[in-house]
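The structure appears below as structure tokens.
Chain letters run A, B, ... following the sequence lines, proteins first, then strands; residues in each count from 1. Scope of the values below: all heavy atoms of this structure, side chains included, with no hydrogens, waters or symmetry mates.
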2 protein chains.
Amino acid sequence: MGGTMSAKGSTAPSPGSDTPTRILDTAEALVQQRGFNSFSYGEVAGELGITRASLHYHYPGKAILGRSLIERYAERFGEELARIDAGEPGPAEKLRAYVALYSGVLSEGRMCLCGMLAAEFLTLPEELRDPLLRFFDDNEAWLAAVLEEGRSDGAMQFAGPAGETARMLIGGLEGAMLIARPYGDTERFRRAAAGLLSGLAMDA
Amino acid sequence: MGGTMSAKGSTAPSPGSDTPTRILDTAEALVQQRGFNSFSYGEVAGELGITRASLHYHYPGKAILGRSLIERYAERFGEELARIDAGEPGPAEKLRAYVALYSGVLSEGRMCLCGMLAAEFLTLPEELRDPLLRFFDDNEAWLAAVLEEGRSDGAMQFAGPAGETARMLIGGLEGAMLIARPYGDTERFRRAAAGLLSGLAMDA
DNA sequence: GTCTATACAGCGATAGAC
DNA sequence: GTCTATCGCTGTATAGAC
């Protein structure tokens, strides 16, 4: 078989990209759908039309691949948050845009990568644990700033430190994804998210 | 080796029980800690001091074992809810007792069995899916009744159908567990749960 | 009801040719 | 950078003795 043939997987990893990127794209989708312990080098390789050995050339071990997945995911998420900061006028709009980020992931039939990994935490290679917690810490910090801004300008109401409410929201959104996905019902997620925001005295 | 020796596992399955029950106890703990796809017949057998073949005698396949786990878990959960209904004076107390159910699970280092399985939904044997969704449906129905009662007697405030808020709470609690567990911090869960309840205008 | 032994598939990983 | 071939291990599951 020649090297020009490329299998088109159901997850559609950006076709013009280089191999390491296509590997990350495919593996990312598989982890979000099936979990870190339930996807294999064989699946990724098969979807990409290469061999497992070739995959090992780019990512020598599953733990390394996993770490790369988290790091890229966190980086992209951070970029989205920066984009929201730059594009949305006020804290209420930022919060709604944040929720829309989750919505978009779920509508592809995926769980949040880090939410999925959180469920598998006890079985995860050690190197994945710190970067995983950092993802949640970064989200919390960003959300806390938005909430603080919303409270001081009167758009939101909540008691106690903003970080506490930020944690509650992150958990609430991750959990809403977790449960909406088995039902195959994105709308279910959106209503739960709206309920979460209404607890802050936001209209939706 | 004689048949009288029994390995004492770290999960401590009630020692006086019969073998099928001890199997369920051990497997349940493992699924809640590691996930359905990340525990094995070998681990359960090892912890119980029996062989995998013997395990297969009681539960011929992993799917059957999984189904038995969900059914027993749902049944026990239902009993707990009935106990709350019988023992707690009002809806606010019932809600707090419901949260304490989750707290108790998490404090053992476990995820909710069904929350864990929800994360693995796409890889689950087909026979587990319906019973899993039923668990959430039953929780929702119970919670909705409590919420409705709380709203009509003025102890709680929320807009729209009680079932919607019930779903939001279930997701919120599952997600709070999901994230508090990697941090090894039960208190983190409790604060998030309190934040969830405060959105209903409950003091904690 | 528990055991030993085994079948068979899949996994992650490595060596070495091209 | 990709391949073929293979190693060593673990997984679920089954057959048959006791």
Pairing of [X] and [Y] as salt bridge, 4.0 angstrom limit:
X      : Y      : value
B:R83  : B:E80  : yes
A:D138 : A:R134 : yes
B:E88  : B:R96  : no
B:R188 : A:E140 : yes

To the nearest Å, give me how far apart [atom1] ([X]) and [atom2] ([N]) are.
X     : N      : atom1 : atom2 : answer
B:L55 : D:dT12 : CG    : P     : 10 Å
A:R52 : D:dT6  : CZ    : C1'   : 10 Å
B:H56 : C:dG1  : NE2   : P     : 17 Å
A:I23 : D:dT2  : CD1   : P     : 7 Å
A:Y41 : C:dA9  : OH    : P     : 24 Å
A:F39 : C:dG12 : CZ    : C1'   : 11 Å
B:R22 : C:dG1  : CZ    : P     : 14 Å
B:K62 : D:dT14 : NZ    : P     : 15 Å

(request) Using a heavy-atom cut-off of under 4.0 Å over every strand shown, decide if B:Y59 touches base, sugar-phosphate, or nothing. (result)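 Touches nothing.
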
(request) Look at all strands and tell whether A:S40 reaches a base, only sugar-phosphate, or nothing, counting heavy atoms closer than 4.0 Å. (result)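 The residue A:S40 makes sugar-phosphate contact but no base contact.
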
(message) In terms of relative ring orientation, are A:H56 and A:Y41 parallel, tilted or perpendicular, with 30° and 60° separating the classes?
(response)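 Correct class here is tilted.
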
Please determine if a side-chain N or O atom of [X] lies less than 4.0 Å away from the OP1 or OP2 oxygen of [N].
X     : N     : result
B:T19 : C:dT2 : yes
A:S54 : D:dG1 : no
B:Y57 : C:dG1 : yes

(request) Please determine, for the side chain of B:A53, which listed nucleotide (D:dC3, D:dT6, D:dA15) has the closest atom? (result)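 The answer is D:dA15.
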
(request) When you get a sec, tell me which of D:dA13, D:dC3, C:dG12 is the closest nucleotide to the side chain of A:T51? (result)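 So the side chain of A:T51 is nearest to D:dC3.
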
